[in-house]
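These notes are about the structure you will find just below.
All figures in this text were calculated on a predicted structure; none of them were measured in a lab.
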Amino acid sequence: MIAKEHLLLFFIGVSAIFSVSSCTLERNFETEKQQPDSIIKSQVSRADVPYIPTPQKVVDAMLKLAEVNSKDIVYDLGSGDGRIPITAVHQYNAHRAVGVEINPYFVQKSRINAQKVGVSDRVDFHEQNLFQTDLKQATVVTLYLLPDLNVKLRPKLLKELKPGTRIVSHSFDMGEWKPKRVIRVNGATLYLWVVPERI
């Protein structure tokens, strides 16, 4: 009798363990099912583009293609280590430059790089999502994003940028919006657009 009671208690315990495990698995599965929505919602606060530094020759070509000069305010969207804004001010005498970068590590690194070159008084770096950035002051915008982000960004660029603002993209176009010029430099394709007059 005692042995049977022990055996019964053993089976009850095992059953309870499997029951708890089943509930845990169900809860985890529900969490996994909800994950894609949470990922989509979090895109405004994380980097959507992997960091791939633009070679300096390509940086120079982008700024030359935009014809950056002393009157320009250059915005680099997804600015990484800050090389484009820093070069725009240091080498092309841009009036001011702004780098927009979501990764705090690169924002800090960019500020240090600007200090090393002695242009930190004319270059700002913002830890910010590019879709939440006010672009109205820009006269030149540079991009090295992804094709789908370029297309999503296009309405914002056309809405906020003044007519005549130059936009240069490394590697990727903007879908139906045809570029004014396309050049190849150091194995990279660069696209230039000029914001048209509003009708």
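A donor-acceptor pair shorter than 3.5 Å cannot be found between the side chains of Ser70 and Asn93. Looking at Tyr144 and Asp76, their side chains never bring a donor and an acceptor atom within 3.5 Å of each other.
Counting only distance, with no hydrogens or angles, the side chain of Asn150 and the backbone of Met174 share no donor-acceptor pair below 3.5 Å. Checked by atom type and distance alone, the side chain of Lys71 never pairs as donor or acceptor with a backbone atom of Thr139 at under 3.5 Å.
Both Tyr191 and Leu157 sit in one connected hydrophobic cluster of ILVMFWY residues. Membership requires side-chain heavy atoms under 4.5 Å apart, directly or through other members. Linking ILVMFWY residues whenever their side-chain heavy atoms come closer than 4.5 Å, directly or via other members, leaves Val151 and Leu190 in distinct clusters. When hydrophobic clusters are built by joining Ile, Leu, Val, Met, Phe, Trp and Tyr residues whose side-chain heavy atoms come closer than 4.5 Å, directly or via intermediates, Ile112 is not grouped with Val107. Tyr92 and Ile73 are assigned to two separate hydrophobic clusters, defined by single-linkage of ILVMFWY side chains at heavy-atom distances under 4.5 Å. Phe125 and Val117 fall within the same hydrophobic cluster, defined by Ile, Leu, Val, Met, Phe, Trp and Tyr side-chain heavy atoms under 4.5 Å apart, directly or through other members.
Side-chain contact between Leu135 and Leu77 is present, with at least one heavy-atom pair separated by less than 4.5 Å. Phe172 has its side chain out of reach of Asp148: every pair of non-hydrogen atoms, C-beta onward, lies at least 4.5 Å apart. For the pair Leu130/Leu145, a side-chain contact is recorded, criterion being any heavy-atom separation below 4.5 Å from C-beta on. Looking at Val98 and His126, their side chains come closer than 4.5 Å, going by heavy atoms from C-beta outward. Contact annotation: the side chain of Asp72 never approaches that of His95 to less than 4.5 Å [non-hydrogen atoms, C-beta and beyond]. Taking the side chain as every heavy atom from C-beta outward, Trp177 and Ile167 approach each other to under 4.5 Å. Considering only heavy atoms from C-beta on, Leu192 comes within 4.5 Å of Arg166 through its side chain. Inter-residue side-chain proximity for Pro53 and Arg83 is flagged as met; some heavy-atom pair is nearer than 4.5 Å.
A 6.0 Å sphere centred on OH of Tyr105 holds no more than 12 heavy atoms belonging to other residues, nucleotides or ligands. For Lys180, the NZ atom is loosely surrounded, since the number of other residues' heavy atoms within 6.0 Å does not exceed 12.
Of all non-hydrogen atoms in Trp193 and Ser169, the two that sit nearest each other are CZ3-CB, 3.5 Å. Pro196 approaches Pro163 most closely through the heavy-atom pair O-CB, 3.6 Å. Across all their heavy atoms, Ser110 and Asp81 have their closest contact at OG-C, 3.0 Å. Closest of all the heavy-atom pairs between Arg96 and Arg122 is CG-O, 3.2 Å. In terms of heavy atoms, Val58 sits closest to Ala188 at CG2-CB, 4.1 Å. Shown here for Gln128 and Val100, the closest heavy-atom pair between the two residues is O-CG1, 3.4 Å.
Thr165 OG1 to Lys136 NZ: the interatomic distance, rounded to the nearest 0.5 Å, is 12.5 Å. Between Ser79 atom OG and Asn103 atom CG the span is 10.0 Å, to the nearest 0.5 Å. The line from CD of Gln56 to CD of Gln91 is 7.5 Å long, rounded to the nearest 0.5 Å. Taken to the nearest 0.5 Å, the NZ atom of Lys116 stands 10.0 Å off from the CD1 atom of Ile86.
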- [ ] Decide side chain to side chain contact (heavy atoms under 4.5 Å, CB included) for Glu160 and Asp134; before the verdict, give the C-alpha distance in whole Å, the side-chain angles of both, and the deciding distance to 0.1 Å.
- [x] CA-CA 8 Å; Glu160 295 187 14; Asp134 186 343; 4.0 Å; yes
